[in-house]
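Residue numbers begin at 1 in each chain, while the letters A, B, ... track the order of the sequences. In what follows, every heavy atom counts, from backbone to side chain, and hydrogens, waters and symmetry copies are set aside. Here the structure is a predicted model, which is why all the values come from computation and not from measurement.
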There are 2 protein chains.
Amino acid sequence: MGASKSDHFTEKQNAMALMAKALGHPARIAILEYLLKVDSCICGDIVDELPLAQPTISQHLKELKSAGIIKGSIEGNSICYCINEKALEKIQSYFGNILKTLEKKKSSCC
Amino acid sequence: MGASKSDHFTEKQNAMALMAKALGHPARIAILEYLLKVDSCICGDIVDELPLAQPTISQHLKELKSAGIIKGSIEGNSICYCINEKALEKIQSYFGNILKTLEKKKSSCC
DNA sequence: AATATTCATCGTAATATTGCAATATAGAAT
DNA sequence: ATTCTATATTGCAATATTACGATGAATATT
């Protein structure tokens, strides 16, 4: 196999999994952090920052974009990619809710 | 290939990617949510809750555990898995910091 | 002790991911 | 127009993931 049975889960579950998956690679985490460091838009090249070839980075950017983690596009000769705040806010609130629920329960086990 | 070049990235980046990757599948998100719903420990069977075969779920649990998202083990004839609060707190604070930095910058683009 | 129950592991097939070289594309600069 | 520069796309090889049937190990139940 290798294909996940996404039709059996809820929209929300699939959406969260998609974003998590996009962030499930150190290169893509590094890209996110670089986008954060270099103000919002990268008008330089990420390629020099990461130990990966240009096509590989381009692919990672594509994945991050299709997952909604980043947004933007090329503009002439320079990219204009930046972090999609809303996506991160969704992640933040998702885990925030889980943690809130966990604290309420305070069940002792494990 | 298919193997990620994790040695080129920082410990923190690899750690975050690992946790994100573990959550990058709807079944594992569903397991997390089920663990939350059923108090801390599942002493019943998740298998009946999810549309997946028992070996598959066992595998997903293993992955979640090795990523540190959940903890516990079997006890006699029943499992005792529960959410590892600390892992979720790490995720929460990671994205919290990013969002905080983003707000400070408030650069308009894209 | 024999059987049932519950979860883990093994083996394996189908598919996805990762990474790069080669190539394509598109705007900028000359 | 041609060349340069920066990014995307394609094609491919190596490896990882997902899923399940079959089997194994350990504890309960009878």
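No engagement by A:Ile57 is indicated, since no non-hydrogen atom pair under 4.0 Å with the nucleic acid exists. Among the heavy atoms of the strands lying under 4.0 Å from B:Glu63 are primed sugar atoms or P, OP1, OP2 only; no base atom is included.
Rounded to a whole Å, the CG atom of A:Leu64 is 14 Å from the C1' atom of C:dT17. As a whole-Å value, the separation of A:Leu52 CG from D:dA6 P is 18 Å. A straight line from CG of A:Leu61 to C1' of D:dT7 spans 10 Å, rounded to a whole angstrom. Atom P of nucleotide C:dT18 and atom CG of A:Leu50 are separated by 14 Å, given to the nearest angstrom. Following rounding to the nearest Å, B:Ile70 (CD1) and C:dC7 (P) show an atom-to-atom distance of 13 Å. Rounding to whole angstrom units, NE2 of residue A:His25 and P of C:dT18 are separated by 5 Å. In this entry the distance linking CD1 of B:Ile46 with P of C:dC7 reads 8 Å, nearest Å. Atom CZ of B:Arg28 and atom C1' of D:dA19 are 12 Å apart (whole Å).
Between the CD atom in B:Gln13 and the CG atom in A:Leu23 there is a gap of 12.0 Å [rounded to 0.5 Å]. Atom CG of B:Leu52 is separated from atom CZ of A:Phe9 by 4.5 Å, given to the nearest 0.5 angstrom.
Minimum heavy-atom separation, A:Gly68 to A:Asn84: O-ND2, 2.9 Å.
If you check distances only, the side chain of A:Gln54 does reach the base of D:dA8 with a donor-acceptor pair under 3.5 Å.
If you check C:dC20, D:dC20, C:dT17 against the side chain of A:Lys21, the one that comes closest is C:dT17. Closest to the side chain of B:Thr56, out of D:dC20, D:dA8, D:dT18, is D:dC20. The listed nucleotides are C:dG19, C:dA8, C:dC20; the one nearest the side chain of B:Ser58 is C:dA8.
For the pair B:Tyr81 and C:dT6, the criterion of a side-chain N or O lying under 4.0 Å from OP1 or OP2 is not met. The side chain of A:His60 places an N or O atom within less than 4.0 Å of a non-bridging phosphate oxygen (OP1 or OP2) of C:dG19.
A tilted orientation is assigned to the rings of B:His25 and B:His60, their planes being inclined by 30° to 60°.
Closest-nucleotide positions on DNA chain D for B:Ala53 and A:Pro55 were compared, and the one nearer the 5' end corresponds to A:Pro55.
Not a single donor-acceptor pair under 3.5 Å links the side chain of A:Lys71 to the backbone N or O of A:Cys82.
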